[in-house]
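For the numbers below, each heavy atom of this structure counts, side chains included, while hydrogens, waters and symmetry mates do not.
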Amino acid sequence: MTVATEATLFDKLTSLAKRRGFVFPSSEIYGGAGATWDFGPIGVELKNNVKRAWWRTMVQERDDMVGLDAAILMHPRVWEASGHVENFTDPLVECASCKHRFRADELPEGATGACPNCGERRLGEPRRFNLMFKTFVGPVEDEASIAWLRPETAQGIYVNFENVVQATRRRLPFGIAQIGKAFRNEITPSNFIFRSREFEQMEMQYFCRPADAPRHYDEWMETRRQWFHDLAGHDDLFRLREHAADERAHYAARAFDIEYRYPFGWKELEGIHNRTDYDLRRHAEYSGRKLEYFDDVTNERFVPYVVETSVGADRATFAFLCAAYDEEPDREGVRVVLRLHRDLAPYKVAVLPLSKRPELSQLARSVWARLRPHFMSTYDETQAIGRRYRRQDEIGTPLCVTIDFDSLNDRAVTIRDRDDMTQVRVAIEELVPALRERVGRA
Ligand code: GAP
């Protein structure tokens, strides 16, 4: 097995993503739309599976978690209370010669050095640039109608803390999980879907007693590390890195990143933060509501602490793609295989008649109809069977079902495995349980 070298992996993956329908540049026929991306027919299945796997682990399988889907547009005071209006900024520098803009903290020679684009030494003074997208609610565009596109989903959880406690009668500790779009007007969006201006977050806020926060923090780091281990393997490609004090976000008392070794280096994949009681206290102050928890057993009233886990669905999808990409030599040159976990694979099964002969197509289509209610599946009858296997390997389909001329008589088909390419013959009547056994839940 030869894994593509890091330098080429990025090019190979981005080209595969476009060619096979994982990810397209947004508004491409107009020349693109500034670091936004569209997930194509295969990509939407993969990303949905990533989100489903997260929800299953974080909500469905736990007894201390509920879900939420809050609105993107929120009251503008939310972002004053959260500190984003004041603090959610990057240092922006503009070159007076070529007009290119950079993040000052990313300039190789610093803000007084040469412009990385034109080489002139005419970089201006850094100024704070707020990353939130501004819009207006209603027909009048004035100060009173300003709204922000949320730069993180977390605030939707804090402002609903009281609602959730009242509606669900939850006792501490418990968490609220949410998946949704977030927007950041990044100065230097880069590296494909790694850093874009519109993306999705999968965030969880765990409310607990202040004294218990350090213990829960350690538990959550392990839970999240394990999630990536279970779905991607390759422990050498993941690591935990603690933030230094001057690197931590304004709300965090402790912060670790789960980093992934992307083809362009170790980068943040997920943030795990001890946000203390910062957010609930700020929202209490700005809204005038008492966001406290009353423990009716101990008769204590206090503001809970929050442990947050926050991962980008797009960044996670990209990491799973990188970790799954594999190449191995075969008779025709190279077999490209996406060794995606079966829970993540866009299609679980592909149905392939050996030839386009009408009697085979008819039987194969009836087999496909039988499978569709059970598995996300696809059908392909063009080109030689070897080429079709390769096409499915390349998008990570774990199982192919081949219908051949014997199938017309013995009512049996062949299941071919993506990873070891073994083949077994199974009666059509037994096909659904046989696939289920191999692919797990679908
Ligand atoms: N609520 C905490 C929070 O938003 P963050 O570290 O700013 O923390 C959390 O973001 C995660 O969101 C990151 O680890 C990353 O996976 C994802 N993310 C942040 N900015 C992103 C961007 N511009 N494009 C894609 N994903 C991004």
Side-chain angles (χ1 to χ4, degrees), residues 22-23 39 41-72 150 152-161 163-165 167-168 170 173-183 193 198-208 216-217 219-233 238 258 260 268-273 275 306-321 323-324 340-348 373-376 396 398 436 439-442:
F22 282 95
V23 178
F39 283 77
I42 310 282
V44 68
E45 297 298 337
L46 173 61
K47 188 156 100 156
N48 279 346
N49 289 341
V50 170
K51 291 189 280 184
R52 209 172 282 133
W54 186 87
W55 197 265
R56 174 180 280 277
T57 313
M58 299 295 282
V59 182
Q60 183 181 333
E61 292 178 355
R62 297 187 65 103
D63 62 2
D64 57 354
M65 193 72 64
V66 291
L68 185 76
D69 183 11
I72 289 173
R150 66 181 177 196
E152 62 169 13
T153 65
Q155 300 304 323
I157 294 181
Y158 302 130
V159 301
N160 277 295
F161 171 72
N163 284 336
V164 171
V165 170
T168 66
R170 286 274 155 178
F174 75 93
I176 304 178
Q178 169 164 231
I179 299 177
K181 289 269 185 177
F183 304 82
I193 55 173
E198 174 179 342
F199 53 98
E200 269 183 288
Q201 288 187 316
M202 307 190 285
E203 295 202 301
M204 186 287 306
Q205 315 296 318
Y206 200 72
F207 299 90
C208 59
H216 291 303
Y217 190 90
E219 287 166 3
W220 276 109
M221 272 207 297
E222 175 51 22
T223 303
R224 297 303 304 144
R225 192 203 56 75
Q226 185 69 38
W227 189 74
F228 287 109
H229 169 84
D230 292 346
L231 287 173
F238 295 84
I258 297 181
Y260 181 76
E268 173 185 347
L269 167 59
E270 168 155 355
I272 302 170
H273 310 116
R275 295 181 71 134
V306 170
V307 174
E308 169 185 68
T309 70
S310 173
V311 56
D314 315 75
R315 250 182 223 190
T317 300
F318 191 21
F320 288 128
L321 272 175
L340 287 168
H341 189 287
R342 287 162 192 233
D343 286 356
L344 301 184
Y347 296 122
K348 312 301 173 197
H374 303 276
F375 308 100
M376 193 70 210
R436 170 85 62 224
V439 91
R441 55 183 173 237

Look up atom [atom1] in [X] and atom [atom2] in [Y], then write down how far apart they are to the nearest 0.5 Å.
{"X": "Phe199", "Y": "Ile193", "atom1": "CZ", "atom2": "CD1", "value": "12.5 Å"}
{"X": "Arg225", "Y": "Asp230", "atom1": "CZ", "atom2": "CG", "value": "8.5 Å"}
{"X": "Phe238", "Y": "His229", "atom1": "CZ", "atom2": "NE2", "value": "10.5 Å"}

Where [X] and [Y] come nearest, the two heavy atoms and their spacing:
{"X": "Ile272", "Y": "Tyr217", "value": "O-OH, 2.7 Å"}
{"X": "Leu344", "Y": "Ala53", "value": "CD2-CB, 4.2 Å"}
{"X": "Gly396", "Y": "Ala345", "value": "O-CB, 3.5 Å"}
{"X": "Asn49", "Y": "Asp343", "value": "CB-O, 3.4 Å"}
{"X": "Leu46", "Y": "Pro346", "value": "CB-CG, 4.1 Å"}
{"X": "Ala316", "Y": "Val311", "value": "CB-CG2, 4.2 Å"}

So, do [X] and [Y] sit near enough that their side-chain heavy atoms are less than 4.5 Å apart?
{"X": "Phe39", "Y": "Asn48", "result": "no"}
{"X": "Tyr260", "Y": "Arg315", "result": "no"}
{"X": "Gln155", "Y": "Arg150", "result": "no"}
{"X": "Phe22", "Y": "Phe318", "result": "no"}
{"X": "Phe320", "Y": "Phe228", "result": "yes"}
{"X": "Trp54", "Y": "Leu231", "result": "no"}
{"X": "Leu68", "Y": "Asn160", "result": "yes"}
{"X": "Glu152", "Y": "Ser310", "result": "no"}

### Query
Sequence neighbours excluded, which residues qualify as side chain to side chain donor-acceptor pair (under 3.5 Å) partners of Thr153?
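Residues passing side chain to side chain donor-acceptor pair (under 3.5 Å) with Thr153: Glu203.
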### Task
Could you pull out all residues at least two apart from Arg170 that satisfy side chain to side chain donor-acceptor pair (under 3.5 Å)?
none
### Query
Could you go step by step and tell me if Phe174 and Thr168 meet the side-chain contact (heavy atoms from CB on, under 4.5 Å) rule?
CA-CA 11 Å; Phe174 75 93; Thr168 66; 5.6 Å; no
### Task
Carefully, step by step, assess Thr309 and Trp220 under the rule side-chain hydrogen bond (donor to acceptor under 3.5 Å, both in side chains).
CA-CA 8 Å; Thr309 70; Trp220 276 109; over 6 Å; no
#### Entry: Chi angles and distances behind the side-chain contact (heavy atoms from CB on, under 4.5 Å) call for Trp55, Met202
CA-CA 9 Å; Trp55 197 265; Met202 307 190 285; over 6 Å; no
### Query
Which residue, Met65, Gln178, Arg62, forms the side chain to side chain contact (heavy atoms under 4.5 Å, CB included) with Met204?
Met65
#### Entry: Side-chain donor or acceptor of Asp314 paired with backbone N/O of Glu200 under 3.5 Å
yes
### Query
Okay, side chain of Lys348, backbone of Arg342: is any donor-acceptor separation there less than 3.5 Å?
yes
#### Entry: Any residue meeting salt bridge (Lys or Arg N to Asp or Glu O under 4.0 Å) with Glu270, in chain and number order, not counting sequence neighbours
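Counting only residues at least two positions away or on another chain, Glu270 forms a salt bridge (Lys or Arg N to Asp or Glu O under 4.0 Å) with Arg224.
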### Message
Around atom CG of Asp69, are there more than 12 heavy atoms from other residues, nucleotides or ligands closer than 6.0 Å?
### Response
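It does not: Asp69 CG has 12 such atoms or fewer within range.
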### Query
Looking just at side-chain N and O atoms, do Gln205 and Tyr158 make a donor-acceptor pair shorter than 3.5 Å?
yes
